[in-house]
Amino acid sequence: MTITIQNQTFILHPSGALFWETRKLLLISDVHLGKVSHFRKHGVAIPNNVVSENFNRLTEVVEYFNPDKIIFLGDLFHSSMNSEWDLFEKWVACCTNTIILIAGNHDIIDQNHYTKINIDVVESLEIDDFLLTHHPVIKEGFFNFSGHIHPGIILRGFGAQSLKLPCFYQKENQMILAAFGEFTGKHIIKPKQNDIIYAIANQDVVMVKLN
C-alpha cells in the first residue's frame, strides 16, 4: 500500500517493512534475530526453519525494493551473540546496500562487531522533518517512525470469530512499524478515533476503518 506523509511517498510492505520512495530508504523494525536460537537453547521447542525464514524474508524485501540504505529501527538482535550472528554476517556480506542500526533495548551486542561488518550504530536519525527511533517519541516539528511496540489489531466478525493481525499504527505525528521478525508476538493496541491502522493480512496491507 502506498501512502503519503508530509508530501513524501511511502510504501507499506506486508513483511512489516516500509520503503521511503523519494529517499530510497528501507525501514525495518524488530527483527529479533537470535531469538529462536536463544529459546531453543533453553529447551523451548521452536521449529529451526523459523531462523532461515527471517533471513529469506530480509533478502526478499531488499531485492524487491533495492534501496540505497537499509535502516533497522532497533532490536535487530534479541540478545547476546549466538549462531545466528554467523548467518547474519554472511547475509551482510552478500548485501551491497548501506546498513544502519538504530539501537534498541535488545541490541546489547558490542558495537565493535557491527563496525567490523560496516554497519553504523546510532541512537536516532533525523532526515528532513522525519525522526527515526526505536522507541516511539514525540518531538515538535518531526514525524516519528519507530518500532518497539510490535503493534497488532483484533478484527471481530459478526459472530464470535476474531482475527489477530500485525499492523502499522499511525498517529498524528508518528507511525509505529509492525515487527518484522517471525517469532516476535504482538501487542494489541487500542487506537483512538483519529488514528490509522494498516493491518497486514497474508500478502496484503489493508486500511482498517475504526468505528
For the pair Ile189 and Ile197, evaluate side chain to side chain contact (heavy atoms under 4.5 Å, CB included) and give the outcome as yes or no after the intermediate values.
CA-CA 10 Å; Ile189 58 174; Ile197 303 298; 3.4 Å; yes
Test side chain to side chain contact (heavy atoms under 4.5 Å, CB included) on Ile11 and Glu21; report intermediate values, then the result.
CA-CA 7 Å; Ile11 300 174; Glu21 196 170 59; 3.8 Å; yes
Any donor and acceptor pair, going by atom type alone, linking the side chain of Asn144 with main-chain N or O of Ile138 inside 3.5 Å?
no
Rounded to the nearest 0.5 Å, how far does SG of Cys95 lie from CG of Leu58?
9.0 Å
Is Ile99 linked to Ile117 within one hydrophobic cluster, defined over Ile, Leu, Val, Met, Phe, Trp and Tyr using a side-chain heavy-atom separation of less than 4.5 Å?
yes
Under the side chain to side chain contact (heavy atoms under 4.5 Å, CB included) rule, what do Phe145 and Ile71 come out as? Steps first, then yes or no, please.
CA-CA 11 Å; Phe145 285 113; Ile71 301 177; over 6 Å; no
Ignoring hydrogens and angles, tell me if any N or O in the side chain of Asn97 forms a donor-acceptor pair with the backbone of Ile70 under 3.5 Å.
no
CG/Leu12 to CG/Leu18 distance, rounded to the nearest 0.5 angstrom?
5.5 Å
Looking only at side-chain N and O atoms, does His150 offer a donor or acceptor that is under 3.5 Å from a partner on His187?
no
Donor-acceptor check, side chain of Asp75 to backbone of Asn105, threshold 3.5 angstrom: yes or no?
yes
Approximate separation, where rounding is to 0.5 Å, of Trp20 CH2 and Leu26 CG:
13.0 Å
Which pair of non-hydrogen atoms, one from Ile200 and one from Ala178, has the smallest distance, and what is that distance?
CD1-CB, 3.8 Å
Can you check whether Ile149 reaches Pro136 side chain to side chain, under 4.5 Å on heavy atoms?
yes
Would you check if Phe77 and Ile108 make a side-chain contact, meaning some heavy-atom pair closer than 4.5 Å?
no
Count the heavy atoms of every other residue, nucleotide or ligand shown that sit under 6.0 Å from NZ of Lys24, and state whether that count exceeds 12.
yes
Among Ser146, Ser29, Ser124, find the one that has a side-chain contact (heavy atoms from CB on, under 4.5 Å) with Leu73.
Ser29
Tyr114 OH to Leu76 CG distance, which is reported to the nearest 0.5 Å:
4.5 Å
Closest heavy-atom contact between Leu27 and Leu177?
O-CD2, 3.6 Å
Is it the case that one hydrophobic cluster holds both Ile154 and Leu163, taking links as side-chain heavy atoms less than 4.5 Å apart, direct or via other members?
no
Can you list the steps and then say if Asp107 with Val121 is a side chain to side chain contact (heavy atoms under 4.5 Å, CB included)?
CA-CA 10 Å; Asp107 292 307; Val121 182; over 6 Å; no
Would you please indicate if the ring centroids of Phe168 and Phe10 are separated by under 6.0 Å?
no
Spacing of Asp120 atom CG and Leu101 atom CG [to the nearest 0.5 Å]:
10.0 Å
Do the two ring centres, one from Tyr64 and one from Phe19, sit under 6.0 Å apart?
no
What distance do Tyr198 atom OH and Met175 atom CE have between them, rounded to the nearest 0.5 Å?
5.5 Å
Just checking Asn194: does its CG atom have more than 12 heavy atoms from other residues, nucleotides or ligands closer to it than 6.0 angstrom?
no
Under the 4.5 Å side-chain heavy-atom rule for ILVMFWY, direct or indirect, which residues accompany Val206?
none
Could you report the tightest heavy-atom contact between Leu165 and Ala199, atom names first, then the distance?
CD1-CB, 4.1 Å
Indicate the ring-plane relationship of Trp85 and Phe88, choosing parallel, tilted or perpendicular according to the 30° and 60° boundaries.
tilted
Against Asp129, only a single residue in Lys139, Gln8, Gln6 fulfils side chain to side chain donor-acceptor pair (under 3.5 Å); can you say which?
Gln6
Those residues that, when tested against Thr96, pass side chain to side chain contact (heavy atoms under 4.5 Å, CB included) (two or more places apart)
none
Of the non-hydrogen atoms in Thr9 and Thr2, which two are nearest, and what is the gap between them?
CG2-CG2, 3.4 Å
Inspect the surroundings of NZ in Lys186 and state if more than 12 heavy atoms from other residues, nucleotides or ligands are less than 6.0 Å away.
yes
Heavy-atom side-chain contact between Ser15 and Ile28 under 4.5 Å:
no
According to a 4.5 Å side-chain heavy-atom criterion applied to Ile, Leu, Val, Met, Phe, Trp and Tyr, with indirect links allowed, do Ile3 and Val208 form part of one hydrophobic cluster?
no
Taking a hydrophobic cluster as the set of Ile, Leu, Val, Met, Phe, Trp and Tyr residues connected by side-chain heavy atoms closer than 4.5 Å, whether directly or through intermediates, do Val137 and Ile102 fall within one such cluster?
no
May I ask whether Ile176 and Leu131 are part of the same hydrophobic cluster, defined by side-chain heavy atoms of I, L, V, M, F, W, Y residues being less than 4.5 angstrom apart, directly or through others?
no
Of all heavy-atom pairs between Glu126 and Phe142, which one has the smallest distance, and what is that distance?
OE1-CZ, 3.5 Å
Donor-acceptor under 3.5 Å (Asp110 side chain, Asn112 main chain):
yes
For Phe143 against Gln174, the heavy-atom pair lying closest together
CE1-N, 3.2 Å
Main chain of Gly147, side chain of Asp30: is a donor-acceptor contact present, judged purely on distance under 3.5 Å?
no
